[in-house]
Amino acid sequence: MAEMSPEDWAFWDTWMRAHRLLVRELDRDLQRDCGISKAEFSVLVTLRRPMRVGELADALGWEKSRVAHLLTRMEKRGLVARTEDGAGGRRTGIELTAEGRRLAGSATRVHGANVRRHVLDRLTPDQAAAIRSWSEELIERVEPA
């Protein structure tokens, strides 16, 4: 396996710093503009239909305990509601409330505008195509089948 050169490390450090800064700015934008965290946004846009908590955790790629704690906080804010799921009537399902659906729509529009402002409007078509191609290749190589 080839070692990384100083130029390789400089590239990697720049990429990681850019990624951290972009994520931080998008998180701040969501908090400022919508009053929600990136994690809450992820739940709102993933929960398009009622789901079991484990199914939601799988869809997000998160630990079930993380999802459960976040859902408890979101339920207290009136964004999601627990549903009875199964013969035993256990409250293992989750769905968006009317307020959660409203916020999901609003936050999607706001987040999209912020992604456009921070990223898309600043890329040339060639840059966008190169980043998309590289990202798709990386996903194919790394994502579990």
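For reference, positions follow the sequence shown, starting with 1. The structure presented is a predicted model; accordingly, all values stated were derived computationally and were not measured. The figures here come from the full heavy-atom set of this structure, side chains too, leaving out hydrogens, waters and symmetry mates.
- Looking at heavy atoms from C-beta onward, Arg117 lies in side-chain contact with Asn114 at the 4.5 angstrom threshold.
- Counting heavy-atom neighbours within 6.0 Å of Trp15 CH2, excluding the residue itself, gives a total of 12 or less.
- Leu138 contributes atom CG, which lies 13.0 Å from atom CD1 of Ile131 (distance to the nearest 0.5 angstrom).
- Every salt bridge (Lys or Arg N to Asp or Glu O under 4.0 Å) that Arg28 has, sequence neighbours left out, goes to Glu25.
- Scanning for side-chain hydrogen bond (donor to acceptor under 3.5 Å, both in side chains) contacts around Arg20 gives an empty result, with sequence neighbours left out.
- Scored by the side-chain hydrogen bond (donor to acceptor under 3.5 Å, both in side chains) test, Asp58 finds no partners at all (sequence neighbours excluded).
- When hydrophobic clusters are built by joining Ile, Leu, Val, Met, Phe, Trp and Tyr residues whose side-chain heavy atoms come closer than 4.5 Å, directly or via intermediates, Leu123 is grouped together with Leu22.
- With hydrophobic clusters built from ILVMFWY side chains whose heavy atoms lie under 4.5 angstrom apart, Trp62 shares a cluster with Val80.
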Just distance, no hydrogens or angles: give the donor-acceptor pairs under 3.5 Å from side chains in residues 67-74, sequence neighbours left out.
| from | atom 1 | to | atom 2 | distance (Å) |
| --- | --- | --- | --- | --- |
| Thr72 | OG1 | Ala68 | O | 3.0 |
| Thr72 | OG1 | Arg82 | NH2 | 3.2 |

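- Arg122 is linked by a salt bridge (Lys or Arg N to Asp or Glu O under 4.0 Å) to nothing, counting only residues two or more places apart in sequence or in another chain.
- When all heavy atoms of Leu56 and Thr46 are compared, the closest pair comes out as CD1-CG2, 3.7 Å.
- Residues that satisfy the side-chain hydrogen bond (donor to acceptor under 3.5 Å, both in side chains) test with Arg116, not counting sequence neighbours, are Asp121.
- To the nearest 0.5 Å, atoms CE (Met51) and OG1 (Thr83) are separated by 12.0 Å.
- At least one donor-acceptor pair under 3.5 Å links the side chain of Ser42 to the backbone N or O of Lys38.
- Within the structure, salt bridge (Lys or Arg N to Asp or Glu O under 4.0 Å) contacts touching residues 3-12 (residues at least two apart or in different chains) do not occur.
- Going from atom CG of Asp27 over to atom OG of Ser37 covers 7.5 Å, rounded to the nearest 0.5 Å.
- Linking ILVMFWY side-chain heavy atoms closer than 4.5 Å, directly or via other members, places Leu60 and Leu30 in a single hydrophobic cluster.
- Arg66 and Ala39 get closest at one heavy-atom pair: NH2-CB, 3.9 Å.
- With sequence neighbours excluded, the residues that form a salt bridge (Lys or Arg N to Asp or Glu O under 4.0 Å) with Arg132 are Glu136.
- Rounding to the nearest 0.5 angstrom, the gap separating the CG atom in Leu103 from the CD1 atom in Ile36 is 4.5 Å.
- The number of heavy-atom neighbours closer than 6.0 Å to CD of Gln127, taken from other residues, nucleotides and ligands shown, is above 12.
- The two residues Cys34 and Ala107 come nearest to each other via the heavy atoms SG-CA, 3.7 Å.
- Under a hydrophobic-cluster definition in which Ile, Leu, Val, Met, Phe, Trp and Tyr are linked whenever side-chain heavy atoms come within less than 4.5 Å, directly or via other members, Val43 and Leu26 are assigned to different clusters.
- With sequence neighbours left out, the salt bridge (Lys or Arg N to Asp or Glu O under 4.0 Å) criterion links Arg32 to Asp29.
- Evaluation of the ring pair (Phe, Tyr, Trp, His ring centres under 6.0 Å) test over residues 99-127, restricted to residues two or more places apart or in two chains, returns Phe41-His111.
- Interatomic distance, CE of Met16 versus CZ of Phe11, reported as 10.5 Å (0.5 Å rounding).
- Residue pairs meeting the side-chain hydrogen bond (donor to acceptor under 3.5 Å, both in side chains) criterion with at least one partner in residues 98-110, sequence neighbours excluded, are Glu99-Arg102.
- Residue Val45 is grouped with residue Leu79 when hydrophobic side chains (ILVMFWY) are merged at heavy-atom distances under 4.5 angstrom, including chains of intermediate members.
- Partners of Arg141 according to the side-chain hydrogen bond (donor to acceptor under 3.5 Å, both in side chains) rule, which considers only residues two or more places apart in sequence or in another chain, are Glu137.
- Across Thr97 and Gly78, no two heavy atoms sit closer than the pair OG1-O, 2.5 Å.
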